[in-house]
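Shown next, in structure tokens, is the structure this report addresses.
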Amino acid sequence: MLKPRPISFLTWLLSSLPDLKGSSKGFPKHETRHLSEHKNVARCARFSPDGRFVATGSADTSIKLFEVSKIKQMLLPDAKDGPVRSVVKTYYDHIQPVNDLDFHPQGTILVSGAKDQTIKFFDVSKTNAKRSYRVIQDTHNVRSVSFHPSGDFLLAGTDHAIPHLYDINTFQCYLSANVPDNSPNGAINQVRYSCTGAMYVTASKDGAIRLWDGITANCVRSITAAHGTAEATSAIFTRDQRFVLSCGKDSTIKLWEAGSGRLVKQYLGAVHTQLRCQAIFNATEEFILSIDELNNEVVIWDAMTTDIVAKWPSNHVGAPRWLEHSPVESAFISCGTDRSIRFWKEV
């Protein structure tokens with residue numbers, strides 16, 4: 001029996017009120033706390049689907065795993081039991097910088113992709129394990145990873161222009177035979193499945209956003225020059241997979257209609273030209289968050305009106321390079337070039 005397609009708040013507004021120009025909502029105030037530091041740049045972060053854990057990866061080759069309930073204890077003004085350590089464990093198993101992370105949708109498995117051309121599997125339920133229990137050896141720098149919602153398949157975005165699709169039971173790799181505009185500079189900065197797995201999207205160094213069929217692995221739509229000649233640094237689907245939100249080094253964030261490739265909205269007012277910045281939704285998809293490198297700020301837009309509704313000092317020394325929002329609550333993580341990790345939570 002087919003499940004009804006989830007409808008996001010943003011899609012509901014776009015479909016039912018297409019000409020809405022009303023006033024923007026206010027984004028709730030957040031408090032922030034320094035959690036920990038890597039020994040080099042903190043490059044990426046990912047929450048588990050249930051929001052219980054968050055992991056960060058670093059240029060120092062390590063991965064830190066945090067328990068969100070312990071992070072919240074740290075935020076309390078009077079901790080009765082003394083200092084709370086939110087880092088559950090630190091993994092040391094890569095030999096080059098970690099680029100991206102993802103959690104298995106139904107289990108306790110964390111995967112990492114790194115510059116050492118490997119994808120590693122960690123069981124976060126094993127309290128004493130500090131190394132991976134499985135490894136996929138790729139042929140390229142693994143820049144991004146994304147689990148299929150079933151947990152049976154894993155996408156890897158690499159320096160190769162075509163996403164690598166792995167069966168995680170057999171480790172067999174599948175490549176699309178249909179890439180209409182294969183670019184010599186098409187290295188993939190980010191790959192992400194839609195929440196149903198019916199499609200996936202890639203953001204590439206050649207500035208293109210490409211949509212792929214989740215069953216055939218064929219490229220079904222290319223939005224070439226989505227960010228001009230600048231790199232496309234991130235791309236994610238809305239929950240109902242009708243729209244794609246992309247970010248680029250041209251200092252723009254764009255919302256695209258997945259079915260037509262039509263540009264729907266554009267979010268301006270933040271400078272990001274150097275780092276592999278992310279544009280992300282909050283948990284309800286009412287707001288969009290990203291980074292202003294020039295002013296070292298976290299910038300928040302109303303997703304519907306495109307107005308900037310908040311600008312907050314990042315509290316990092318130098319602009320953070322990654323934001324990741326919790327899937328279940330008003331909280332997010334920022335990772336800095338200053339090596340630090342910060343947790344942000346609605347007050």
Side-chain angles (χ1 to χ4, degrees), residues 31-75 79 83-104 107-116 118-135 142-147 190 275-276 278 280 291 298 314-329 331-345:
E31 58 181 327
T32 182
R33 177 73 178 264
H34 174 275
L35 293 186
S36 183
E37 284 191 3
H38 286 277
K39 294 175 183 176
N40 205 325
V41 174
R43 293 172 58 88
C44 56
R46 190 68 76 93
F47 281 88
S48 60
D50 59 8
R52 287 182 57 210
F53 298 99
V54 63
T56 61
S58 171
D60 69 8
T61 75
S62 73
I63 298 164
K64 287 181 182 284
L65 181 71
F66 300 84
E67 192 169 343
V68 173
S69 62
K70 291 184 178 179
I71 294 174
K72 290 177 181 176
Q73 282 182 259
M74 288 176 62
L75 295 175
V84 177
R85 180 172 168 79
S86 60
V87 180
V88 178
K89 63 187 73 175
T90 303
Y91 298 107
Y92 302 95
D93 208 22
H94 285 287
I95 58 173
Q96 290 192 47
V98 178
N99 291 320
D100 199 11
L101 302 160
D102 199 12
F103 282 89
H104 189 282
T108 57
I109 306 306
L110 172 68
V111 295
S112 56
K115 258 185 176 176
D116 57 17
T118 65
I119 301 165
K120 302 207 171 186
F121 292 69
F122 302 88
D123 188 339
V124 301
S125 68
K126 301 289 178 65
T127 54
N128 296 322
K130 289 191 176 182
R131 295 192 178 277
S132 61
Y133 71 96
R134 295 181 80 183
V135 180
V142 182
R143 306 170 68 87
S144 185
V145 287
S146 180
F147 265 117
Q190 190 166 78
L275 302 175
R276 186 165 60 112
Q278 314 294 299
I280 59 172
I291 297 299
V298 177
S314 78
N315 290 284
H316 288 274
V317 179
R321 62 173 292 131
W322 195 286
L323 296 179
E324 192 73 18
H325 204 283
S326 167
V328 297
E329 62 180 327
F332 63 93
I333 286 280
S334 58
C335 296
T337 52
D338 62 354
R339 307 178 301 177
S340 70
I341 303 151
R342 300 193 71 88
F343 184 78
W344 302 69
K345 184 181 181 297

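As the structure is a computational prediction, the values presented were derived from the model and not from experiment.
Taken to the nearest 0.5 Å, the CD1 atom of Ile109 stands 12.5 Å off from the OG atom of Ser48. Annotation: the span from Ser69 atom OG to Met74 atom CE amounts to 12.0 Å, rounded to 0.5 Å. Taken from CD1 in Ile71 to OG in Ser86, the straight-line distance is 5.0 Å, to the nearest 0.5 Å.
In this structure the side chain of Ile341 reaches within 4.5 angstrom of the side chain of His38, judged on heavy atoms. Residues Val298 and Ile291 form a side-chain contact, since some pair of their non-hydrogen atoms from C-beta on lies under 4.5 Å apart. Considering only heavy atoms from C-beta on, Val54 stays 4.5 Å or farther from Phe343 through its side chain. For the pair Leu35 and Ile333, the minimum side-chain heavy-atom distance is below 4.5 Å. Side chains of Leu101 and Leu110 form a contact here, defined as non-hydrogen atoms less than 4.5 Å apart. Thr90 places none of its side-chain heavy atoms less than 4.5 Å from the side chain of Lys130. At least one side-chain heavy atom of Arg276 sits under 4.5 Å from a side-chain heavy atom of Trp322. Contact of the Phe66 side chain with the Phe53 side chain is not registered, since no non-hydrogen atoms from C-beta on lie closer than 4.5 Å.
Side chain of Lys120 to main chain of Asp93: a donor-acceptor pair is present (N/O by atom type, distance under 3.5 Å, no hydrogens or angles). No side-chain donor-acceptor contact under 3.5 Å links Lys64 to the backbone of Tyr91. Side chain of Arg46 to main chain of Phe103: no donor-acceptor pair is present (N/O by atom type, distance under 3.5 Å, no hydrogens or angles).
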Quiz prompt | Worked check of side-chain contact (heavy atoms from CB on, under 4.5 Å) between Gln190 and Gln278 | solution = CA-CA 9 Å; Gln190 190 166 78; Gln278 314 294 299; 2.6 Å; yes
Quiz item: Going through the checks in order, is the side-chain contact (heavy atoms from CB on, under 4.5 Å) test met by Phe47 and Glu324?
Solution: CA-CA 7 Å; Phe47 281 88; Glu324 192 73 18; 4.0 Å; yes
Quiz prompt | Worked check of side-chain hydrogen bond (donor to acceptor under 3.5 Å, both in side chains) between Asn315 and Thr32 | solution = CA-CA 8 Å; Asn315 290 284; Thr32 182; 4.9 Å; no
Quiz item: For Ser326 and Phe332, what are the C-alpha separation, side-chain angles and deciding distance, and is it a side-chain contact (heavy atoms from CB on, under 4.5 Å)?
Solution: CA-CA 6 Å; Ser326 167; Phe332 63 93; over 6 Å; no
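Lys345 has no carboxylate O lying under 4.0 Å from a charged side-chain N of Glu31, or vice versa, which leaves the two without a salt bridge. In summary, Arg85 and Glu67 do not engage in a salt bridge, as defined by a charged side-chain N under 4.0 Å from a carboxylate O.
Asp100 and Ser144 get closest at one heavy-atom pair: OD2-OG, 2.9 Å. The minimum heavy-atom distance linking Ser334 with Leu323 is given by the pair CB-CD2, 3.6 Å. Here the closest non-hydrogen pair linking Val68 and Glu329 is CG1-OE2, 3.8 Å. For Ser58 against Asn40, the heavy-atom pair with the smallest separation is OG-O, 3.3 Å. Pairing each heavy atom of Val328 with each of Pro49, the nearest pair is CG1-O, 3.9 Å. The two residues Cys335 and Ala45 come nearest to each other via the heavy atoms SG-CB, 3.7 Å.
Note on ring orientation: taking the six-membered ring where Trp is involved, the planes of His104 and Phe147 are perpendicular (angle over 60°, cut-offs 30° and 60°).
Using a 3.5 Å distance cut-off with no hydrogens or angles, the side chains of Arg321 and Thr337 do not pair a donor with an acceptor.
For the side chain to side chain donor-acceptor pair (under 3.5 Å) with His94, the qualifying choice from Asp116, Asp60, Asn99 is Asp116, the only one to do so. Partner of Ser340 under the side chain to side chain donor-acceptor pair (under 3.5 Å) criterion, out of His34, Glu37, His316: His316 alone.
At most 12 non-hydrogen atoms from other residues, nucleotides or ligands lie less than 6.0 angstrom from NZ of Lys115.
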